K.L.:
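Before I ask anything, let me first share the structure, which is written out below as structure tokens.
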Amino acid sequence: EEDDDDPSGRQLKRMKRNFDRIVKKYNLFSDDKAGEIADLLTGNVEGLSEISPKDFAQRYGMTEDDASSFLAWIQIGVRFKEEAIDPHSASGCALASQLNKVL
């Protein structure tokens with residue numbers, strides 16, 4: 001059950017809705033784009049070890065704000081994955097609880 005008194009939970013929910021809106025608006029999970037984005041974000045693009053929101057926006061024809069929001073949600077997912085590797089860590093459990101409320 002969702003706790004409406006949980007500001008961080010509300011923030012995660014807003015971030016997820018915004019991420020979904022951006023994905024749909026720019027058709028980012030078409031087969032070609034999804035693979036390209038995955039390669040880009042995991043450092044599998046030669047000569048590019050990281051990408052800024054400005055560069056991401058230019059590459060995918062979006063606003064810098066949308067690129068920043070998209071990348072922020074990806075960072076949340078990466079952080080969750082890293083913390084969830086140790087499921088007994090306090091931060092991993094807290095983040096899992098937050099994400100379960102959102103999703």
Side-chain angles (χ1 to χ4, degrees):
E1 184 171 297
E2 186 177 332
D3 182 2
D4 288 332
D5 295 328
D6 182 2
S8 60
R10 286 195 309 268
Q11 180 183 7
L12 284 172
K13 188 176 248 186
R14 275 193 306 272
M15 289 176 73
K16 173 66 167 104
R17 278 196 311 262
N18 201 30
F19 174 83
D20 289 341
R21 176 191 63 79
I22 292 164
V23 166
K24 185 175 182 180
K25 180 178 179 180
Y26 299 102
N27 193 28
L28 295 180
F29 281 162
S30 67
D31 288 343
D32 292 342
K33 281 187 186 173
E36 182 181 308
I37 290 170
D39 287 345
L40 187 64
L41 297 179
T42 57
N44 290 331
V45 174
E46 192 170 323
L48 193 61
S49 61
E50 62 181 48
I51 189 162
S52 69
K54 181 178 180 178
D55 292 337
F56 193 86
Q58 289 173 346
R59 183 176 284 246
Y60 293 101
M62 64 176 63
T63 67
E64 198 169 331
D65 282 346
D66 281 351
S68 183
S69 295
F70 178 87
L71 294 171
W73 183 253
I74 296 293
Q75 282 185 317
I76 293 285
V78 168
R79 192 175 103 212
F80 172 76
K81 181 180 175 189
E82 289 171 352
E83 292 179 359
I85 289 171
D86 179 2
H88 303 292
S89 73
S91 59
C93 291
L95 187 56
S97 175
Q98 290 293 331
L99 289 176
N100 284 333
K101 290 178 184 180
V102 173
L103 307 173

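Just the heavy atoms: all of them, side chains too, but no hydrogens, waters or symmetry mates, feed the values below. Numbering of residues begins at 1 and proceeds along the displayed sequence. These numbers come from a predicted model, not from an experiment.
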K.L.:
Determine the minimum heavy-atom distance between Pro53 and Ala67, stating which atoms define it.
P.N.:
O-CB, 3.2 Å
K.L.:
Just say parallel, tilted or perpendicular for the rings of Phe19 and Trp73, cut-offs at 30° and 60°.
P.N.:
tilted
K.L.:
With sequence neighbours left out, write down each residue that passes side-chain contact (heavy atoms from CB on, under 4.5 Å) with Ser52, or none if nothing qualifies.
P.N.:
Lys54, Asp55
K.L.:
From Glu64 CD over to Ser69 OG, what is the distance, rounded to the nearest 0.5 angstrom?
P.N.:
11.0 Å
K.L.:
Pairs of donor and acceptor atoms involving the side chains of residues 26-33, under 3.5 Å and at least two apart or interchain, shall be tabulated with distances.
P.N.:
{"from": "Tyr26", "atom 1": "OH", "to": "Asp66", "atom 2": "OD2", "distance (Å)": "2.8"}
{"from": "Ser30", "atom 1": "OG", "to": "Lys33", "atom 2": "N", "distance (Å)": "3.4"}
{"from": "Lys33", "atom 1": "NZ", "to": "Tyr26", "atom 2": "O", "distance (Å)": "3.0"}

K.L.:
What I want to find out is whether Asp20 reaches Lys24 closely enough, with some N-O distance under 4.0 Å, to be called a salt bridge.
P.N.:
no
K.L.:
Restricting to side-chain contact (heavy atoms from CB on, under 4.5 Å), what partner residues turn up for Asp39, sequence neighbours left out?
P.N.:
Asn44, Val45
K.L.:
Could you work out, with side-chain hydrogen bond (donor to acceptor under 3.5 Å, both in side chains) as the rule, every residue matching Asp65, not counting sequence neighbours?
P.N.:
none
K.L.:
Could I get the full list of side-chain hydrogen bond (donor to acceptor under 3.5 Å, both in side chains) partners for Glu36, not counting sequence neighbours?
P.N.:
Tyr60
